[in-house]
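Whatever order the structure lists them in is the order used to number ligands and atoms, beginning at 1.
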Amino acid sequence: MCGIVGYVGKRDAAPVIVEGLHRLEYRGYDSAGLAVVHRGRLRVTKTAGRVQDLRDKLNGQASKSTIGIGHTRWATHGEPNETNAHPHTDTAGRVAIVHNGIIENAEQLRKQLQDNGVRLATDTDTEALAHMIAAELGDGEDVTLEDAVIRTLHRVEGAYGLVVLDTKNPDQLVVARNGSPIVLGLGENEMFVASDVAALVRYTRQVIYLEDGEVATITASAYHTKTLTGTDNSDHKTPTTVDADADEYELGEYSDYMRKEIHEQPSALRRALRGRLEDRFATARLGGVNLDARQLRNIKNVKFLGCGSAYYAGQMGAMLVEELARIPADAEPASEFRYRSPVVDPDTLYVAVSQSGETIDTLMAVQELKRKGGQVIGAVNVVGSAIGRECGHGIFLHAGPEVAVASTKALTNMAGNFALLALLLGRVRDMSAANGQRIVNGLRNLPEQVNQILNAEEDIAMIANRYAAADHMFFIGRVRGWPVAREGAQKLKEISYVHAEAYQAGELKHGPLALIARDMPSVVIIPSDDLVAKNLSTIEQIKARGGPVIALTSTDIPEGLADATIRVPRAEPELEPILLNIPLQILAYHAAAKLGRDIDKPRNLAKSVTVE
Ligand code: BG6
């Protein structure tokens with residue numbers, strides 16, 4: 001997945017584009033570039049590496065161009081280097097293009113171009129489009145840039161969000177979307193294009209989300225949109241106001257976004273709970289879920305679908321639904337669900353979970369469900385995102401912008417919102433008002449309890465520093481502790497590159513115990529439930545084989561049993577996984593910091609994967 005930015009207006013375009021790319025760098029950060037029109041010619045600047053490297057390269061380049069396009073890359077076609085960095089141009093240097101997505105018939109298109117004598121300069125799929133558009137434009141003036149782009153896209157298979165710049169039409173940009181997110185920002189005599197509002201929210205909060213199969217032509221003062229089949233649908237486009245403001249994207253006092261977002265969790269949880277707890281009926285109110293009480297009662301099963309941390313949050317959600325609503329529930333990686341030709345059950349409520357709302361496997365799982373008549377709601381953080389719009393109704397997570405690649409506050413808000421969903425489903429069934437109120441109060445206490453854990457950051461950091469040098473680490477949990485163990489291992493892997501595995505405690509003696517040794521620390525998760533004794537014996541099993549143990553618990557355990565102990569406040573038992581998860585974020589963060597990792601931009605990863 002990549003980040004693309006476009007600008008046409010009254011400002012010097014290059015600084016606006018570079019600032020936008022900086023905001024989108026979490027989408028991909030292995031190379032970057034931009035193109036402006038300078039004295040009627042394209043001026044393209046590209047670099048392997050970060051947007052900062054591009055900024056340095058541009059320093060001193062005076063180009064008062066008021067139109068331009070830019071790109072920060074997560075390589076799919078062609079290795080990450082300066083040549084393969086975007087923008088790509090045609091041989092004559094008339095047309096420049098930036099693209100997010102994958103052109104599936106690129107090989108065929110590239111071959112056709114080479115057969116027609118075109119010399120390709122890069123290994124990318126995108127370059128082919130630049131040559132094709134230039135060919136459609138020809139030498140005459142009778143073909144508009146918009147038509148040239150549309151004709152080209154009629155021969156393209158695959159996913160794209162793209163912006164095209166033409167030196168002979170230096171007052172307009174043509175934008176197209178099919179599968180990859182594109183948003184237009186409407187300004188005073190200026191227009192912005194970006195993969196995400198993060199790149200333009202400092203200039204305007206009036207935006208238009210392009211739909212799949214749409215093309216837009218923008219100038220400084222106007223825009224119009226049409227479908228690839230040529231229908232002008234500009235009249236149907238109503239701008240929406242972005243609810244995030246630019247400050248939310250600032251680092252403030254923090255050195256990186258992950259630590260900032262870990263510390264934003266109490267306020268993020270409060271925002272998720274605001275207006276959604278109903279004391280009168282001891283239940284939850286989820287205005288975005290368009291299901292009445294009878295429809296909620298008719299749900300026989302709940303299935304959460306997501307990728308990465310969203311999948312693990314779904315596991316926490318399934319546990320909450322089974323415990324509070326007493327209906328069968330589970331979670332499945334969306335990438336598995338969409339490809340296994342699932343049997344879609346009409347009485348099952350499917351929940352598509354995604355922070356970005358753009359993860360391709362989850363989006364395709366939703367489309368598969370809708371094609372088969374499944375009832376699906378979204379649980380997404382980014383308003384206006386593809387999954388949110390595809391589902392049409394659901395739960396907004398209200399975690400605020402999450403920039404760090406490793407998800408923290410969005411995951412906590414996923415689990416918090418799933419507790420609300422479980423409470424709602426429970427209270428339209430046999431869950432008593434007293435039990436409902438217990439959960440309502442328990443949820444209300446969570447933000448402050450998270451705060452208490454954050455206040456113990458230094459102690460957790462000390463433990464992280466002690467074990468950061470380990471090459472491998474186990475995370476072990478049972479029942480409520482199991483999804484916490486999985487997410488804990490995910491976090492450590494994602495940002496510290498320590499090989500971490502999660503295991504159900506009961507499975508340990510059936511294999512993994514063989515790996516226990518002095519240099520293999522284990523985190524054992526011990527919620528306050530009726531399995532404490534079993535979990536303590538798991539610690540003894542590991543200790544008996546010389547394995548160091550970090551105990552993570554909300555209950556009292558014998559002094560000295562574990563090599564290190566991390567305590568969290570006691571919450572309502574069903575809600576404890578939400579708290580137990582927080583110290584593992586902090587542990588991973590400080591282990592990665594100790595190892596000098598780039599915390600916000602871990603290698604080989606991206607904030608959400610919008611391409612296959
Ligand atoms: C990965 C991210 O690309 O996508 C993970 O690195 C994230 O942090 C996963 O959990 C799913 O993303 P989303 O946006 O669908 O929740």
Exercise for the section: Examine Arg603 relative to Tyr497 and say whether NZ or CZ is less than 6.0 Å from the centre of the six-membered ring and inside a 45° cone about the ring axis. Expected result: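 Verdict for Tyr497: a cation-pi partner in Arg603.
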Ion pair present between Lys409 and Glu402, side-chain N to carboxylate O less than 4.0 angstrom?
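Salt bridge: no.
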- Query: Going by an N to O cut-off under 4.0 Å, is there a salt bridge joining Lys493 and Glu501?
  - Reply: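 Answer for the salt bridge query: no.
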- Around ligand 1, what residues show up once you keep those with a heavy atom under 4.0 Å from it?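 Lining ligand 1: Cys307, Gly308, Ser309, Ala310, Ser354, Gln355, Ser356, Thr359, Val405, Ser407, Glu494, Ala606, Lys607, Ser608, Val609.
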When you compare the side chains of Asn417 and Arg276, does any donor N or O come within less than 3.5 Å of an acceptor on the partner?
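Short answer, yes.
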- Query: Do you see a donor-acceptor pair shorter than 3.5 Å between the side chains of Glu25 and Thr72?
  - Reply: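 No, no side-chain donor-acceptor pair sits under 3.5 Å.
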Indicate yes or no for a side-chain donor-acceptor contact from His86 to the backbone of His99 under 3.5 Å, with no hydrogens or angles considered.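 Side chain of His86 to backbone of His99: a pair is present.
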